[in-house]
Chemist: 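The structure follows.
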Amino acid sequence: MIYRKFQDLQLSGLGLGMMRLPVLDGDDNTVDEAKTAEMIDFCLQSGINYFDTAWGYHDGNSELVAGKYLSAYPRESYYLASKFPGYDLSNMDKVEEIFEKQLKKCRTPYFDFYLFHNVFEGNIDAYLDPKYGILEYLLKQKENGRIRHLGFSAHGSVEVIRRFLDACGEHMEFCQLQLNYMDWHFQNAQEKAALIQKAGIPIWVMEPLRGGRLVKASEEMTGVMKSLRPKESVPGWAFRFLQSIPGVTMILSGMSSLEQLKENIATCGTDEPLGKEEFDTLVRHMDRETEMGILPCTACHYCTNHCPKGLPIPELIALYNEHKITGGGFIAPMAVAGMDSEKRPANCIGCRGCEKVCPQQIKISEMMKEFSGMLGM
């Protein structure tokens, strides 16, 4: 395992993101605890010492599982991160209540790393509003030793991130960004990374494989990869891309099986950054694909907890993207036709509750209407 220096710590170059743990019967809210325990044990045996959870992951169950199984190991043997759930504005006046509950759920007296969760256009004003006292409270917890390192994650625009840095940057020790070769230009990740680098803040990476989107590649892309690095796997290219970016200290991957974990650990056992030609070629080919207009969903499932109709929104967006990329075809119509009728896009009532918590700011209600029209169902 590669280790990266952060202040006086040695962090494993790969961390376990606990947003996509194994689940039972396809239910995102029901974590498969036996498989998760096995993965946590394998992480610690293999040198992974960083675990990232959050209040909203798996409908609140990720923190519970993290606490249950990590607490079986010496506290000094791992680093634990969680986040204040400001992606939901109803939480803004509950920072103390939520933080205390998180410590109990995670069975820990302190968090090694704690973040303002998902700074974006929809919550920046509230995060910075002094009436909520969020920064003040978290700094107090740091002073008391209950937070070791304070940072933030961001899905917002460059301007939103700049505004947050102007207000709070002196207190931020790390920044968690959605960073991968698909989003380098598509989500303006290049400029966001440059902004964080200029501020002298280490980068934590989320969505290195774009919610699984980069595990596979088109035939053309795969051919390019193999011509340049015959022995590198397709997912391996995503990690090598990130190893090429200055300032990247931690790469978090939401692995949902022991097999995925083993593959990623094998890749991250070596540091093999891309050369300039490899880097530019990879980005150029990916840009061609994203120009086809796919929606930037990462399957975080925040939306599903705010949908009164219980629609499987990430699954429908993935099918919508597939339909758009391929220009039609039978896969999306077949998949949607196989769903229960109440789960199809036509059942969206356009309440926009999902859009209020979407980190990617996708206009989900408009997509549902369009998708329903495309499929005639």
Chemist: Would a hydrophobic clustering, with Ile, Leu, Val, Met, Phe, Trp and Tyr connected at side-chain separations under 4.5 Å, put Met182 with Leu228?
Modeler: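 Met182 and Leu228: one cluster.
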Chemist: Report yes or no: do Asp41 and Tyr73 form a side-chain donor-acceptor pair below 3.5 Å?
Modeler: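 Yes.
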Chemist: Take atom NZ in Lys343; do more than 12 heavy atoms of anything else shown fall under 6.0 Å from it?
Modeler: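 Enclosed: over 12 neighbouring heavy atoms sit under 6.0 Å from NZ of Lys343.
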Chemist: Parallel, tilted or perpendicular: which describes the rings of Trp204 and Phe113, with under 30° parallel and over 60° perpendicular?
Modeler: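 Trp204 vs Phe113 ring planes: tilted.
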Chemist: Step by step, work out the side-chain contact (heavy atoms from CB on, under 4.5 Å) result for His58 and Asn29.
Modeler: CA-CA 5 Å; His58 292 289; Asn29 297 339; 5.6 Å; no
Chemist: Report, as yes or no, whether the 6.0 Å neighbourhood of atom CD on Gln7 holds more than 12 heavy atoms from other residues, nucleotides or ligands.
Modeler: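 Atom CD in Gln7 is crowded, with more than 12 foreign heavy atoms closer than 6.0 Å.
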Chemist: What are the two closest heavy atoms between Met206 and Gln176, and how far apart are they?
Modeler: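 Result for this residue pair: CE-O, 3.4 Å.
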Chemist: Starting from the C-alpha separation in whole Å, work towards a yes-or-no answer on side-chain contact (heavy atoms from CB on, under 4.5 Å) for Leu21 and Asp32.
Modeler: CA-CA 8 Å; Leu21 297 173; Asp32 187 324; over 6 Å; no
Chemist: Would you say that more than 12 heavy atoms from the other residues, nucleotides or ligands in this model lie under 6.0 Å from the NZ of Lys226, or not?
Modeler: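 Correct, the count exceeds 12.
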Chemist: Do side-chain atoms of Asn180 reach the backbone of Glu207 as a donor and acceptor pair under 3.5 angstrom?
Modeler: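 Looks like yes, one N/O pair under 3.5 Å.
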Chemist: Does this structure show an ion pair linking Glu97 with Lys101, if we count only N-O contacts that are shorter than 4.0 Å?
Modeler: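 Judged by the 4.0 Å cut-off on N to carboxylate O distance, Glu97 and Lys101 do form a salt bridge.
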Chemist: Mind listing the closest non-hydrogen atom pair of Lys83 and Ala54 along with its distance?
Modeler: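 Of all heavy-atom pairs spanning Lys83 and Ala54, the closest is NZ-CB, 3.8 Å.
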Chemist: Without swapping roles, check the side chain of Thr30 against the backbone of Leu24 for a donor-acceptor pair under 3.5 Å.
Modeler: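 Judged by distance alone, no pair lies under 3.5 Å.
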Chemist: Sub-3.5 Å donor-acceptor pair from the side chain of His301 to the main-chain atoms of Ala299, do we have one?
Modeler: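 It does hold such a pair.
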Chemist: Do Gln260 and Asn264 meet the criterion of a side-chain donor-acceptor pair at a distance under 3.5 Å?
Modeler: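 No, no side-chain donor-acceptor pair sits under 3.5 Å.
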Chemist: Donor-acceptor check, side chain of Tyr127 to backbone of His117, threshold 3.5 angstrom: yes or no?
Modeler: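 Confirmed, Tyr127 side chain pairs with His117 backbone.
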Chemist: Once rounded to the nearest 0.5 Å, what's the spacing between atom CG of Asn188 and atom CD1 of Ile161?
Modeler: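 Those atoms lie 9.0 Å apart.
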Chemist: Kindly determine whether Lys142 and Glu173 satisfy salt bridge (Lys or Arg N to Asp or Glu O under 4.0 Å), including the steps that lead there.
Modeler: CA-CA 12 Å; Lys142 185 179 177 185; Glu173 300 175 75; 2.7 Å; yes
Chemist: Which heavy atom of Leu16 sits nearest a heavy atom of Met39, and at what distance?
Modeler: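 Here Leu16 and Met39 meet closest at CD1-CE, 4.2 Å.
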Chemist: Can you see whether Arg75 engages Thr108 through a side-chain donor-acceptor pair at a distance of less than 3.5 angstrom?
Modeler: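 Their side chains do contain a donor-acceptor pair, which is all the 3.5 Å distance test asks for.
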Chemist: Is it true that a side-chain atom of Thr222 and a backbone atom of Ser218 form a donor plus acceptor pair closer than 3.5 Å?
Modeler: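 At least one qualifying donor-acceptor pair exists.
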Chemist: To check you understand the geometry: which heavy-atom pair defines the closest contact between Leu214 and Pro208, and what is its length?
Modeler: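 That would be CD1-O, 3.8 Å.
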Chemist: Ignoring hydrogens and angles, state whether a donor on the side chain of Gln361 or Glu355 is under 3.5 Å from an acceptor on the partner side chain.
Modeler: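 Side chains of Gln361 and Glu355: no pair found under 3.5 Å.
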Chemist: Would you check if the side chain of Tyr132 reaches a backbone N or O of Ala126 as a donor-acceptor pair within less than 3.5 Å?
Modeler: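 Pair absent, no side-chain N/O of Tyr132 close to backbone of Ala126.
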Chemist: Under 3.5 Å, is there a donor-acceptor pair linking the side chains of Asn118 and Ser153?
Modeler: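 No donor-acceptor contact under 3.5 Å links the two side chains.
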Chemist: Return the CG to OG1 distance between Asp59 and Thr304, rounded to the nearest 0.5 Å.
Modeler: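 Taking CG in Asp59 and OG1 in Thr304, the distance rounds to 8.0 Å.
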Chemist: Under 3.5 Å, side chain of Arg107 to main-chain N/O of Leu70, donor-acceptor pair present?
Modeler: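 No, Arg107 side chain to Leu70 backbone: no donor-acceptor pair under 3.5 Å.
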Chemist: If you count heavy atoms of other groups shown closer than 6.0 angstrom to CD of Glu219, is the number above 12?
Modeler: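 Count not over threshold, so no.
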Chemist: Is a side-chain donor-acceptor pair under 3.5 Å present for Asp183 with Gln178?
Modeler: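 The criterion, which ignores hydrogens and geometry beyond distance, is satisfied for Asp183 and Gln178.
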Chemist: Please determine whether side-chain contact (heavy atoms from CB on, under 4.5 Å) holds for the pair Thr281 and Met286, giving the CA-CA distance in whole Å, both sets of side-chain angles, and the decisive distance to 0.1 Å.
Modeler: CA-CA 9 Å; Thr281 299; Met286 191 71 251; over 6 Å; no
Chemist: One thing to verify: whether Arg284 and Asp280 come together as a salt bridge, which I'm taking to mean a side-chain N less than 4.0 angstrom from a carboxylate O.
Modeler: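 A salt bridge is absent here (no side-chain N lies under 4.0 Å from a carboxylate O).
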Chemist: As a quick check of understanding, evaluate salt bridge (Lys or Arg N to Asp or Glu O under 4.0 Å) for Glu63 and Lys104, giving each step before the final call.
Modeler: CA-CA 9 Å; Glu63 287 179 328; Lys104 291 179 181 179; over 6 Å; no
Chemist: Is the side chain of Glu278 donor-acceptor paired with the backbone N or O of Gly275 at a distance under 3.5 Å, no angle test?
Modeler: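 Judged by distance alone, yes, a pair lies under 3.5 Å.
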Chemist: Answer yes or no: is there an ion pair linking Glu342 with Lys309, defined by an N-O contact shorter than 4.0 Å?
Modeler: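 Answer for the salt bridge query: no.
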Chemist: Within a radius of less than 6.0 Å around NZ of Lys5, do more than 12 heavy atoms belonging to other residues, nucleotides or ligands occur?
Modeler: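 Buried by this count: over 12 neighbours within 6.0 Å.
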Chemist: About how many Å separate CG of Leu14 and SG of Cys43, when rounded to the nearest 0.5 Å?
Modeler: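 Nearest 0.5 Å value for the SG-CG distance: 7.5 Å.
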Chemist: May I ask you to check whether Glu263 and Ser233 show a side-chain donor-acceptor distance below 3.5 Å?
Modeler: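 Note: Glu263 and Ser233 side chains miss the donor-acceptor criterion.
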Chemist: Can you see whether Ser365 engages Arg352 through a side-chain donor-acceptor pair at a distance of less than 3.5 angstrom?
Modeler: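 Note: Ser365 and Arg352 side chains meet the donor-acceptor criterion.
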Chemist: Pick from Arg146, Gln141, Gln102, Arg148: which one makes a side-chain hydrogen bond (donor to acceptor under 3.5 Å, both in side chains) with Tyr114?
Modeler: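 Considering Arg146, Gln141, Gln102, Arg148, a side-chain hydrogen bond (donor to acceptor under 3.5 Å, both in side chains) with Tyr114 is found only for Gln102.
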Chemist: Are Ile251 and Leu177 connected in the hydrophobic side-chain network, where two residues link if heavy atoms are under 4.5 Å apart?
Modeler: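 In one cluster with Ile251: Leu177, yes.
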Chemist: Name the one of Phe152, Phe164, Phe174 that satisfies ring-ring contact (aromatic ring centres under 6.0 Å, His included) with Phe116?
Modeler: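 Only one of Phe152, Phe164, Phe174 forms a ring-ring contact (aromatic ring centres under 6.0 Å, His included) with Phe116, namely Phe164.
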Chemist: Please name the pair of heavy atoms, one in Met377 and one in Ala337, separated by the smallest distance, quoted to 0.1 Å.
Modeler: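 Heavy atoms of Met377 and Ala337 come nearest at SD-N, 3.8 Å.
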Chemist: Can you list the steps and then say if Phe42 with Ile265 is a side-chain contact (heavy atoms from CB on, under 4.5 Å)?
Modeler: CA-CA 10 Å; Phe42 193 85; Ile265 287 175; 3.7 Å; yes
Chemist: Does one side chain, of Ser82 or Thr53, offer a donor that lies under 3.5 Å from an acceptor on the other?
Modeler: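 There is no such pair (donor and acceptor under 3.5 Å, judged by atom type) between the side chains of Ser82 and Thr53.
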Chemist: Decide whether His185 and Asp287 meet the rule of one side-chain donor and one side-chain acceptor closer than 3.5 Å.
Modeler: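 Result is yes, a qualifying pair exists.
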Chemist: Do you reckon Ile48 sits in the same ILVMFWY cluster as Leu9, going by side-chain contacts under 4.5 Å, direct or chained?
Modeler: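 No, it is not one cluster - the side chains of Ile48 and Leu9 are not joined through contacts under 4.5 Å.
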Chemist: Apply salt bridge (Lys or Arg N to Asp or Glu O under 4.0 Å) to residues Glu159 and Arg162 and explain how you reach the verdict.
Modeler: CA-CA 5 Å; Glu159 289 307 314; Arg162 181 178 290 113; 2.5 Å; yes
Chemist: If we ignore hydrogens and angles and just use 3.5 Å, is the side chain of Asn49 paired with the main-chain N or O of Ser12 as donor and acceptor?
Modeler: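 Pair found, side chain donor or acceptor close to backbone of Ser12.
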Chemist: Salt bridge check, Lys94 against Asp88: does any charged N sit closer than 4.0 Å to a carboxylate O?
Modeler: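 Salt bridge: no.
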Chemist: Which heavy atom of Leu44 sits nearest to which heavy atom of Ser77, and what is that distance?
Modeler: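 Looking at all heavy atoms of both residues, the closest pair is CD2-O, 3.9 Å.
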Chemist: Between Ser71 and Lys68, is there a donor-acceptor pair closer than 3.5 Å when you use the side chain of the first and the backbone of the second?
Modeler: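 Yes, because the side chain of Ser71 sits within donor-acceptor range (under 3.5 Å) of the backbone of Lys68.
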